[in-house]
Q: 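Once you've had a glance at the structure underneath, I'll fire off some questions.
Proteins come first, then strands; the chains are lettered A, B, ... in the order of their sequence lines, and each starts at number 1.
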There are 2 protein chains.
Amino acid sequence: MHPLDATRVLMDGLGSDSSVCMKCGSRSVGLCAPLDAAALDDMSGESERLALEPREAVFRQGDPARHVYTLTEGMARLTRVLPDGRQAAIGFRFAGDILGFTPEAEHAFGAEMLTRGTVCRLDRRRLEQMFRRYPIMERRFLDLCVRELSASQDHILALGRFSAEERVAAFLISLVEAQERRAHVGPVFDLPATRADIGEFLGLTLETVSRAVSAFRKRGWIRLHGHSGIELTDRASLVSLAAGEGAHAA
Amino acid sequence: MHPLDATRVLMDGLGSDSSVCMKCGSRSVGLCAPLDAAALDDMSGESERLALEPREAVFRQGDPARHVYTLTEGMARLTRVLPDGRQAAIGFRFAGDILGFTPEAEHAFGAEMLTRGTVCRLDRRRLEQMFRRYPIMERRFLDLCVRELSASQDHILALGRFSAEERVAAFLISLVEAQERRAHVGPVFDLPATRADIGEFLGLTLETVSRAVSAFRKRGWIRLHGHSGIELTDRASLVSLAAGEGAHAA
DNA sequence: CGCCCCGTTGAGATCGCTCAACACTAGTGG
DNA sequence: CCACTAGTGTTGAGCGATCTCAACGGGGCG
């Protein structure tokens, strides 16, 4: 697994299934896949579909955690803020990922859309009922959680030990891999995050991110297409940087 | 919750219970607490107690994940290494914490003792059986996992946004709080990690850690007692630094 | 058309790293 | 008992990666 791969977690290896979440009408791989028709019927009772604009919040840090969300369309980012206003992005989420699941009373971080998109909102008490009725769902959540934890640890490693360019390379690779797992076609990938968004995720300033991207471009490793399109023209080099095969040790 | 509090996770809020793990003979709060006597009896069948020396590995990164461990005595650290040899500590673990639980085939990180200590080793297949027999255990693990995830995110925030002194302060506070939750008495706490260990956890060099500790000492915020004793003489200042109320925003 | 947001690039400042010297402690063996 | 050694901690000086501050360009949208 690649470091910085916080993006892949809530889908990876779980989702070639394709159950359809009744009310949402969308493929909701992460959450619904392990359930049969009756279960889905149960669940759709209180789930609601919401359309969201770019930069709109799904929920905010500190909100009572009354719902769990499935991101059905678009890309979101998770952020946590400090008392003095400093802010960091904890991770990014894509279609199929789950947002806001926690046993705590409040959301420990906020989630906001980067693109236009939709989420499927499920009442938390409803989810608890589901757990009691379909214990396999709980196991599913446990697996998701452990994978997510593993990705967080990769991110910790990257933040603690990677140079700026290594972090940006790792981010690009994980972004591209996340889209490939979602059956992306063609050489041009979507990069809806701004330099500032990326910087907040990687613990860098937006200028440093911009410089790294420019450096990759000048080396012929990537090509930018319009405002949010990116193509990896020398993926091997990026992967090597991202994996931490850097100049440090022998 | 304090940033950097990766240390508290696997105990916190779960453990005023005090079931005794039969074979180990030790209080094994995190793992055994939710079980009744019959369940403990079940489990003790294949659990084994192991004594370990300082710097001895409990398991290594890449080892097949055949067992789950409960740290019954001592302090351990979790580390992950990069292909080029760079290494980071993912977290620290104390008596009562669980080590090495994963649904994957291999351990994604290594665990090694910082002090002399003991672990209780449980066969993984045995644990899976337990999950089937006592579903509440699975729920317990899910809660643990989510809390751990939250702590990892705090750590991410710290690595991405905190200055060197803020990170060291946050580490000291979380260390002290972890010991307080374990019914520590007296003003002097145990700090078995070397400057290098702390640095690997915080993404700093050992010199930078040493300088931060010296600065705190010179400001009268802490006092060192012998080689592994530390006393917080101005806890409020440390907490303020650790919480991110720093000089940045207004 | 003009504004605003985003991205790019440059120059200087700064924080933490690197390299190096030295002190202290504990364990070891003479 | 003491010299010796290895590991750890401390401190200093210089360097370098990243941040900060600043200017400028381009594209989308009202």
Side-chain angles (χ1 to χ4, degrees), chain A residues 53-55 77 85-88 114-116 158-169 171-172 190-219 222-230 241 246-249, chain B residues 53-55 77 85-88 112 114-116 158-172 190-219 222-230 241 246-249:
Chain A
E53 293 300 301
R55 301 290 155 189
R77 66 166 191 164
R86 279 176 293 179
Q87 182 171 350
L114 290 178
T115 65
R116 197 175 313 278
L159 289 176
R161 290 280 169 260
F162 277 16
S163 69
E165 285 198 1
E166 286 172 324
R167 292 184 216 179
V168 175
F171 168 73
L172 292 179
D190 207 38
L191 178 56
T194 67
R195 302 290 183 264
D197 290 325
I198 300 170
E200 277 185 10
F201 180 61
L202 299 177
L204 301 170
T205 59
L206 65 94
E207 294 94 331
T208 301
V209 174
S210 179
R211 281 184 243 272
V213 170
S214 294
F216 294 163
R217 186 164 36 76
K218 283 169 187 160
R219 282 173 218 158
I222 63 175
R223 196 176 300 154
L224 300 178
H225 295 260
H227 239 269
S228 75
I230 183 168
L241 237 196
H248 287 253
Chain B
E53 294 298 302
R55 299 290 154 188
R77 66 167 192 164
R86 279 176 293 179
Q87 183 173 350
E112 70 181 42
L114 289 178
T115 64
R116 199 173 311 279
L159 289 177
R161 290 281 169 259
F162 277 16
S163 69
E165 284 197 1
E166 287 172 324
R167 293 184 215 180
V168 174
F171 168 75
L172 291 178
D190 208 37
L191 178 57
T194 67
R195 301 290 182 262
D197 290 324
I198 300 170
E200 279 186 7
F201 180 60
L202 299 178
L204 300 170
T205 60
L206 64 93
E207 294 95 330
T208 300
V209 175
S210 180
R211 280 184 245 271
V213 170
S214 294
F216 294 162
R217 185 164 37 76
K218 282 168 187 161
R219 282 174 217 157
I222 61 173
R223 196 176 298 155
L224 300 179
H225 295 261
H227 239 267
S228 74
I230 183 167
L241 239 197
H248 286 254

Q: Using a heavy-atom cut-off of 4.0 Å across all strands, would you classify A:Leu204 as base, sugar-phosphate, or nothing?
A: sugar-phosphate

Q: Show your working on side-chain hydrogen bond (donor to acceptor under 3.5 Å, both in side chains) between B:Ser214 and B:Arg217 and close with a plain yes or no.
A: CA-CA 5 Å; B:Ser214 294; B:Arg217 185 164 37 76; 3.2 Å; yes

Q: Send over the distance from A:Leu202 CG to D:dA17 P, rounded to a whole Å.
A: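 A:Leu202 atom CG is separated from D:dA17 atom P by 19 Å.
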
Q: Test A:Leu204 against every option in A:Val168, A:Leu159, A:Ile198 by the side-chain contact (heavy atoms from CB on, under 4.5 Å) rule and name the one that passes.
A: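 For A:Leu204, the side-chain contact (heavy atoms from CB on, under 4.5 Å) check succeeds only for A:Val168.
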
Q: For A:Arg86 and D:dT20, what is the distance between atoms CZ and P respectively, to the nearest whole Å?
A: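 To the nearest whole Å, that distance equals 11 Å.
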
Q: Counting only distance, no hydrogens or angles, is the base of C:dC19 paired donor-acceptor with the side chain of B:Glu207 under 3.5 Å?
A: yes

Q: Could you tell me the separation between the CG atom of A:Leu206 and the CD atom of A:Glu200, rounded to the nearest 0.5 Å?
A: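 CD of A:Glu200 is found 9.5 Å from CG of A:Leu206.
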
Q: At less than 4.0 Å, is any side-chain N or O atom of B:Thr205 found next to OP1 or OP2 of C:dG16? Yes or no.
A: no

Q: Taking B:Arg167 for the side chain and B:Phe162 for the main chain, is one N or O donor matched with an acceptor at less than 3.5 Å?
A: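 Side chain of B:Arg167 to backbone of B:Phe162: a pair is present.
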
Q: How many whole angstroms separate atom CZ of B:Arg167 from atom P of C:dC15?
A: 13 Å

Q: Atom CZ of B:Arg195 to atom P of D:dT8: distance rounded to whole Å?
A: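 Checked: the CZ to P distance equals 12 Å.
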
Q: What integer distance in Å separates B:Leu191:CG from D:dT8:P?
A: 13 Å

Q: Assign each of A:Ala193 and B:Gly203 to its nearest nucleotide of DNA chain C by heavy atoms, then name whichever residue's nucleotide is nearer the 5' end.
A: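 The residue mapped nearer the 5' terminus is A:Ala193.
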
Q: Could you give the CG-to-C1' distance, from B:Leu224 to D:dT10, as a whole number of Å?
A: 11 Å

Q: Measure the distance from CD1 on B:Ile198 to C1' on D:dT10 and round it to the nearest whole Å.
A: 14 Å

Q: Using a heavy-atom distance cut-off of less than 4.0 Å, which residues of residues 208-219 of chain A contact DNA chain D?
A: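 Listed by number, they are A:Thr208, A:Arg211.
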
Q: Report yes if some heavy atom in the side chain of A:Ile230 is under 4.5 Å from a heavy atom in the side chain of A:Val213; otherwise report no.
A: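 No, too far: nothing below the 4.5 Å cut-off.
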
Q: Nearest 0.5 Å, what's the CZ-CD distance between B:Arg77 and B:Glu112?
A: 4.0 Å

Q: Distance from B:Arg219 atom CZ to B:Leu241 atom CG, nearest 0.5 Å?
A: 7.0 Å

Q: Give the rounded distance in Å between these two atoms: CZ of A:Phe162 and C1' of D:dT18.
A: 17 Å

